[in-house]
Amino acid sequence: MKQVKLILEDGTEIEGTGFGAHTSAAGEVVFSTAMTGYPENLTDPSFRGQILVLTYPMVGNYGVPGEELYESISNIFESDKIHISGLVVNYYSEEHSHWNAAKSLGDWLKEYNIPGIFGVDTRMLTKKLREKGAMLGKIVAEVDVPLYNPNQENLVAQVSPPGVQHYGTGQHKIVLVDCGTKTNIIRCFLNRDVELIRVPWDYDFTQLDYDGLFLSNGPGDPKMCEATIRHLQTALLQDKPIFGICLGSQLMSLAAGGDTFKLKYGHRSHNQPVKLSGTQRCYITSQNHGFAVDTDTLPADWDMLFENLNDGTCEGIKHKTKPFFSTQFHPEAAGGPEDTEFLFDDFLKAVAEYKNR
């Protein structure tokens, strides 16, 4: 292990010890307050281009599980590789112990040439990011690299699959627009007896025969997904049920005529409280996003479905008369609470009602 530095765009330099790959990398520095679930978080495509700060003080003590496949997709991870640009932790446990651990976190990072740094005061760093907002930064080993702003690129195009994929043979035919989907979303659908057609972010799904449309999560600025928004505008003219998660919620808002904005430091954790609009019912949710829907710009036939109780931002929208709804949080969790997984059942119930009209 060698000494490396974390350097922020405001000039802050933090020295620490490197683990994982001994290389330099740049990206947007963000934090997550999740206590567990780093195998799921690191493989979440929504973290593409970001240097992730984990606030939980000890990381790596349970290692990384071995891969298992389910219907040709991972049954363990949220995609087929690590998507973060770098990892920042307080204390990295070189030794790990867990019944299904196959390797250490450091070795796993090395496989994908991802640098890590520990010995960092992550509490101080998180307070700085909360006060100043998410910042560009870089982990510097021996060779310096320039700062890099991932939000200026179409990150969705980098993580979306190159072609159409089919899963299952169930009674409902669902089109999944993959903007960087987590594999547990696919598992949640397959566990509910559906035929799933997974298409790239810019695929013209309006030409397909389907019963319901699903819009996935994904990284970066939703306004970069012009092709997806254009196809979705066509879908909103029909009555087939549509369900969006995370980036999918933002895309639905943009297609409906609303707007989105970048949050100061985003929501990344497993403990975000949201309230169902018009009720006192609250849920604890898993989240990972840096942009949100501006509810003041929504057309009159749309309502906010969920509200974030920490900052009052929109956590989902719903059409007043058509079966279209979305959530900014992750009802499929992985990792995190599964309190809202019932929303997949609500969506498929709307699909069944549409087919039986």
Side-chain angles (χ1 to χ4, degrees), residues 40 44 70-71 73-75 78 166-179 181-199 205 208-218 232 235-236 238-249 251-252 270 272-289 302-308 314-357:
E40 294 88 349
D44 182 350
Y70 168 72
E71 293 278 353
I73 61 171
S74 175
N75 199 33
E78 293 310 295
H166 294 260
Y167 307 91
T169 57
Q171 58 178 326
H172 301 312
K173 186 180 293 186
I174 305 299
V175 168
L176 185 157
V177 183
D178 188 345
C179 297
T181 191
K182 293 169 65 179
T183 52
N184 201 41
I185 289 174
I186 299 175
R187 294 192 292 267
C188 283
F189 275 120
L190 294 181
N191 290 338
R192 288 167 171 78
D193 190 30
V194 304
E195 176 185 350
L196 203 61
I197 307 171
R198 183 183 186 183
V199 302
F205 55 82
L208 297 176
D209 176 30
Y210 62 89
D211 303 316
L213 179 65
F214 176 82
L215 311 169
S216 86
N217 63 293
L232 184 53
L236 291 176
Q238 304 173 5
D239 295 324
K240 292 182 180 180
I242 305 175
F243 178 23
I245 287 177
C246 199
L247 182 77
S249 181
L251 294 175
M252 187 179 292
H270 297 164
Q272 291 280 335
V274 304
K275 184 177 76 170
L276 180 63
S277 295
T279 75
Q280 293 301 310
R281 185 181 295 274
C282 299
Y283 301 95
I284 300 300
T285 65
S286 175
Q287 302 196 15
N288 178 15
H289 60 98
W302 290 82
D303 284 328
M304 182 166 67
L305 180 57
F306 292 96
E307 177 187 2
N308 188 296
C314 178
E315 289 286 350
I317 61 175
K318 182 178 182 179
H319 195 276
K320 290 182 178 179
T321 59
K322 294 186 177 184
F324 308 152
F325 73 97
S326 68
T327 66
Q328 189 60 64
F329 54 86
H330 284 271
E332 86 290 345
E338 300 174 349
D339 302 31
T340 55
E341 192 177 318
F342 67 87
L343 291 169
F344 287 93
D345 299 312
D346 288 354
F347 172 59
L348 293 177
K349 179 181 178 182
V351 170
E353 290 174 350
Y354 171 79
K355 291 171 65 177
N356 293 328
R357 290 192 311 176

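All values below were derived from every heavy atom in this structure, side-chain atoms included, with hydrogens, water molecules and symmetry-related copies excluded.
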**Request:** Output, in order, the C-alpha distance, side-chain angles, deciding distance and verdict of side-chain hydrogen bond (donor to acceptor under 3.5 Å, both in side chains) for Gln272 and Asn308.
**Result:** CA-CA 7 Å; Gln272 291 280 335; Asn308 188 296; 3.0 Å; yes
Atom [atom1] of [X] and atom [atom2] of [Y]: how far apart are they, to the nearest 0.5 Å?
| X | Y | atom1 | atom2 | answer |
| --- | --- | --- | --- | --- |
| Glu78 | Glu40 | CD | CD | 6.0 Å |
| Phe214 | Ile174 | CZ | CD1 | 10.0 Å |
| Ile242 | Lys322 | CD1 | NZ | 8.5 Å |
| Cys282 | Glu307 | SG | CD | 9.5 Å |
| Phe205 | Leu213 | CZ | CG | 4.5 Å |
| Phe306 | Ser249 | CZ | OG | 10.5 Å |

Check whether [X] reaches the backbone of [Y] with its side chain - one donor and one acceptor, N or O, closer than 3.5 Å.
| X | Y | value |
| --- | --- | --- |
| Lys318 | Met304 | no |
| Ser326 | Ile317 | yes |
| Ser286 | Gly335 | yes |
| Arg187 | Ser74 | yes |
| Asn217 | Leu247 | no |

**Item:** Under the ring-ring contact (aromatic ring centres under 6.0 Å, His included) test, residues paired with Phe324 that sit two or more places apart
**Value:** His319
**Asked** Mind checking what makes ring-ring contact (aromatic ring centres under 6.0 Å, His included) contact with His289, not counting sequence neighbours?
**Response**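 Expected list: His267.
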Do the non-hydrogen side-chain atoms of [X] and [Y] ever get within less than 4.5 Å of each other?
| X | Y | result |
| --- | --- | --- |
| Ile185 | Leu176 | yes |
| His166 | Ile197 | yes |
| Arg192 | Phe344 | yes |

**Request:** Start with the C-alpha gap between Lys173 and Asp211, add the side-chain angles, then the distance that decides, and say whether salt bridge (charged side-chain N to carboxylate O under 4.0 Å, His left out) holds.
**Result:** CA-CA 5 Å; Lys173 186 180 293 186; Asp211 303 316; over 6 Å; no
**Asked** Run the side-chain contact (heavy atoms from CB on, under 4.5 Å) check on Gln328 and Cys246 step by step: do they pass?
**Response** CA-CA 4 Å; Gln328 189 60 64; Cys246 199; 3.7 Å; yes
**Request:** Scan side-chain atoms only and decide if Glu315 and Gln287 contain a donor-acceptor pair under the 3.5 Å cut-off.
**Result:** yes
**Item:** Least distance between heavy atoms, Leu305 atom then Leu276 atom
**Value:**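 So the minimum-distance heavy-atom pair works out to O-CD1, 3.5 Å.
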**Complete:** Between Ile284 and His270, the two heavy atoms sitting closest are CG2-O, 3.8 Å
Check side-chain contact (heavy atoms from CB on, under 4.5 Å) between [X] and all other residues, then give those that pass, not counting sequence neighbours.
| X | result |
| --- | --- |
| Glu338 | Ala333, Glu341 |
| Lys349 | Glu353 |
| Thr340 | Tyr283, Thr285, Phe329, Pro331, Phe342, Leu343 |

**Prompt:** Any side chain to side chain donor-acceptor pair (under 3.5 Å) pairs touching residues 238-248, not counting sequence neighbours?
**Reply:** none
**Message:** Run the side-chain contact (heavy atoms from CB on, under 4.5 Å) test on Arg281 and Lys275 for me, step by step, so that the C-alpha distance in whole Å, both residues' side-chain angles and the decisive distance to 0.1 Å come before the verdict.
**Reply:** CA-CA 6 Å; Arg281 185 181 295 274; Lys275 184 177 76 170; over 6 Å; no
**Ring centre gap for Phe189 and Tyr167 strictly below 6.0 Å** =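 They do not qualify: ring centres at least 6.0 Å apart.
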**Message:** Let's go through Leu196 and Ile186 carefully: what are the C-alpha distance in whole Å and the side-chain angles of both, what is the deciding distance for side-chain contact (heavy atoms from CB on, under 4.5 Å) to 0.1 Å, and is it a yes or a no?
**Reply:** CA-CA 8 Å; Leu196 203 61; Ile186 299 175; 3.7 Å; yes
